[in-house]
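Single-structure report; data block below.
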Amino acid sequence: MTTLKNDTFIKALLRQPVDRTPIWMMRQAGRYLPEYRAVREQAGSFMNLCTNPELACEVTLQPLRRFNFDAAILFSDILTIPDAMGLGLYFTEGEGPKFKKPIRTAHDIQTLAIPDPTIDLRYVIDAVRMIRNTLEGNVPLIGFSGSPWTLATYMVEGGSSKSFQKIKSLMFNEPLLLHVMLDKLAQAVAVYLNAQIEAGAQAVMVFDTWGGMLTTEDYLEFSLYYAKQVRALLNTNVEGQTIPTILFTKGGGQWLETMAEAGYDALGLDWQTDIGYARSRVGRQVALQGNMDPVSLYAQPEIITEKVKTILQKYGSGSGHVFNLGHGILPDINPDHVKAMVDAVRQYSPDYH
């Protein structure tokens with residue numbers, strides 16, 4: 001296994017001593033960068049960009065050339081698994097992801113097949129391998145997937161939703177059928193992440209974007225249970241090296257204690273959860289990732305610096321903190337403001353280690 005020149009991110013996730021707080025950013029390869037927009041135009045569509053390993057590699061590396069991030073994250077989409085299941089993923093400008101064949105019947109669920117990542121998602125696995133080789137051990141590579149619950153919401157709703165009427169109706173009226181679907185998705189996510197690990201991912205993250213719109217009992221039964229199933233199936237020891245795992249449930253701050261028992265090395269925090277309070281609740285069990293408000297990057301650089309200092313101060317001294325936004329960066333953020341955030345973390349975090 002390649003020795004990492006910068007392993008601060010990995011060590012922080014494993015709560016090992018570090019000399020500063022590592023930083024990366026959700027959606028760090030994206031539309032806020034002019035160089036990304038140029039490649040996206042060259043690709044012709046978002047899906048063309050995702051499915052071209054060379055272009056996916058290029059946009060993964062772009063933010064690392066511009067900023068001093070401590071990790072790269074695979075450029076892909078959380079909905080690649082349902083697309084490989086035959087649902088026909090496509091993107092409409094301004095409306096987000098949609099499916100040509102959303103889940104509508106029991107037969108649709110019963111006939112879902114678990115994709116073979118080496119065949120059905122080979123473009124992702126090829127991209128992981130290419131990115132890992134191109135990084136040359138400078139920083140670690142993060143692989144990822146959507147959580148089973150979040151994938152199911154998109155598959156049943158047919159795209160984004162505000163009320164989640166279709167998926168919740170299925171959950172309330174036919175829970176056993178939804179469990180069949182979620183079980184298949186948990187297997188698919190685990191197989192997919194294991195393929196990414198085998199191809200070179202050095203940490204993996206599960207994005208549970210829509211777990212936070214459930215009641216506590218429904219979150220535990222339909223979301224967290226299957227995130228646990230995924231974790232139990234992951235191969236996280238590669239040539240004697242631990243592959244850290246991160247679980248991020250947007251809107252999940254009230255469930256941190258239960259999430260900390262799911263087996264993941266770290267929990268992602270959205271910006272609505274106080275990181276100091278979160279540490280007092282679960283910091284002896286897991287690392288914490290987060291949690292700057294993405295909208296704060298519209299502020300002037302000196303204000304951004306103060307926001308960074310506040311989060312560092314609230315987390316306090318010691319390892320176990322990976323600095324990040326509380327959700328993905330917004331597409332029209334000034335890249336100079338990202339630099340202000342990264343520079344502030346680099347400047348002020350050593351005082352806490």
Side-chain angles (χ1 to χ4, degrees), residues 6 9 22-80 83 89-98 121 123-136 138-146 160 196 200-201 203 205 207 209 248 268 289 292-299 301 304 322-343 345:
N6 174 0
F9 169 72
I23 178 171
W24 69 281
M25 187 174 67
M26 289 183 277
R27 294 197 201 126
Q28 66 187 27
R31 287 180 289 173
Y32 74 104
L33 291 176
E35 56 266 40
Y36 168 87
R37 294 195 294 272
V39 175
R40 164 68 175 77
E41 188 174 345
Q42 175 190 342
S45 73
F46 179 78
M47 282 303 292
N48 286 348
L49 185 52
C50 286
T51 57
N52 183 312
E54 290 80 10
L55 295 183
C57 178
E58 165 60 21
V59 296
T60 298
L61 298 175
Q62 284 175 347
L64 301 180
R65 298 185 191 123
R66 191 186 269 259
F67 308 112
N68 212 359
F69 286 130
D70 292 296
I73 183 166
L74 162 71
F75 179 81
S76 187
D77 191 81
I78 63 169
L79 299 178
T80 50
D83 185 49
L89 176 64
Y90 69 100
F91 289 83
T92 303
E93 195 66 36
E95 294 185 27
K98 292 183 178 294
L121 290 162
Y123 64 90
V124 176
I125 306 309
D126 286 348
V128 170
R129 195 170 287 113
M130 187 177 299
I131 296 162
R132 173 66 188 274
N133 289 338
T134 309
L135 283 171
E136 296 180 328
N138 286 312
V139 296
L141 172 62
I142 307 166
F144 73 92
S145 173
S160 299
Q196 292 183 39
M205 182 164 171
F207 285 87
T209 309
F248 174 52
Q289 178 174 275
M292 191 149 154
D293 184 345
V295 178
S296 69
L297 291 182
Y298 287 108
I304 292 170
V322 172
F323 201 99
N324 206 313
L325 299 177
H327 199 238
I329 184 172
L330 296 162
D332 57 347
I333 293 291
N334 183 338
D336 290 341
H337 291 200
V338 175
K339 185 177 186 302
M341 177 181 69
V342 175
D343 288 350
V345 173

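In this chain, numbering begins with 1 at the start of the sequence shown.
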What are the two closest non-hydrogen atoms of [X] and [Y], and how far apart are they?
| X | Y | answer |
| --- | --- | --- |
| Phe46 | Ser76 | CZ-O, 4.4 Å |
| Pro22 | Asp70 | CA-OD2, 3.2 Å |
| Ala127 | Leu74 | CB-CD1, 4.2 Å |

What's the spacing between [X] [atom1] and [Y] [atom2] if we round to 0.5 Å?
| X | Y | atom1 | atom2 | answer |
| --- | --- | --- | --- | --- |
| Thr80 | Leu89 | OG1 | CG | 8.5 Å |
| Ile23 | Met292 | CD1 | CE | 8.0 Å |
| Ile142 | Met205 | CD1 | CE | 7.5 Å |
| Met341 | Asp343 | CE | CG | 10.0 Å |
| Leu297 | Ile333 | CG | CD1 | 5.0 Å |
| Ile304 | Asp336 | CD1 | CG | 9.5 Å |

For [X], check salt bridge (Lys or Arg N to Asp or Glu O under 4.0 Å) against everything at least two apart and list the hits.
| X | result |
| --- | --- |
| Asp83 | none |
| Arg37 | none |
| Arg40 | none |

Next on the checklist: The test is side chain to side chain contact (heavy atoms under 4.5 Å, CB included); show your working for Leu64 and Leu135 and say whether it passes.
Outcome noted: CA-CA 10 Å; Leu64 301 180; Leu135 283 171; 3.5 Å; yes
Side-chain donor-acceptor contacts of residues 51-61 below 3.5 Å, not counting sequence neighbours, with atom names and distances?
unit_1	atom_1	unit_2	atom_2	d
Thr51	OG1	Met47	O	2.8
Thr51	OG1	Asn48	O	3.4
Asn52	OD1	Glu54	N	3.0
Asn52	OD1	Leu55	N	3.0
Glu58	OE1	Arg65	NH1	3.4
Glu58	OE1	Arg65	NH2	2.9
Glu58	OE2	Gln62	NE2	3.3
Glu58	OE2	Arg65	NH1	2.9
Thr60	OG1	Ala56	O	2.7
Thr60	OG1	Phe75	N	3.1

For [X], all residues meeting side chain to side chain donor-acceptor pair (under 3.5 Å), sequence neighbours excluded:
| X | value |
| --- | --- |
| Tyr90 | none |
| Asn324 | none |
| Asp332 | Tyr298 |

Item to check | Any residue meeting side-chain contact (heavy atoms from CB on, under 4.5 Å) with Pro294, in chain and number order, not counting sequence neighbours | outcome: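 Here the qualifying residues are Trp271, Leu325, His327.
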Checklist entry - What residues, two or more places apart in sequence or in another chain, satisfy side-chain contact (heavy atoms from CB on, under 4.5 Å) together with Asn138? => result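 Only Lys5, Glu136 meet the side-chain contact (heavy atoms from CB on, under 4.5 Å) criterion with Asn138.
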Item to check | Non-neighbouring partners of Tyr123 that pass ring-ring contact (aromatic ring centres under 6.0 Å, His included), sequence neighbours left out | outcome: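 Listed in chain order: nothing, the list is empty.
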Item to check | For Phe207, ring-ring contact (aromatic ring centres under 6.0 Å, His included) partners two or more places apart | outcome: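 With neighbours one apart ignored, the set is Phe144.
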Item to check | side chain to side chain donor-acceptor pair (under 3.5 Å): pairs with one or both residues in residues 22-35, sequence neighbours excluded | outcome: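 Pairs touching residues 22-35 that pass the test: Trp24-Gln289, Glu35-Arg66.
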Checklist entry - salt bridge (Lys or Arg N to Asp or Glu O under 4.0 Å) between Asp126 and Arg129: does it pass, once the steps are laid out? => result CA-CA 5 Å; Asp126 286 348; Arg129 195 170 287 113; 3.5 Å; yes
Next on the checklist: Counting only heavy atoms from other residues, nucleotides and ligands, does the tally under 6.0 Å from NZ of Lys339 exceed 12?
Outcome noted: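 Not buried by this count: 12 neighbours or fewer within 6.0 Å.
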Item to check | Side-chain heavy-atom pair Phe67, Met25 within 4.5 angstrom cut-off | outcome: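 With C-beta onward as the side chain, the pair stays apart.
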Checklist entry - Between Gln196 and Ile125, is any pair of side-chain heavy atoms under 4.5 Å apart? => result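 Side-chain contact under 4.5 Å: yes.
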Next on the checklist: Checking Leu49 against Val39 for the side chain to side chain contact (heavy atoms under 4.5 Å, CB included) test, could you report, in this order, the C-alpha distance in whole Å, the side-chain angles of both residues, the deciding distance, and whether it holds?
Outcome noted: CA-CA 8 Å; Leu49 185 52; Val39 175; 3.8 Å; yes
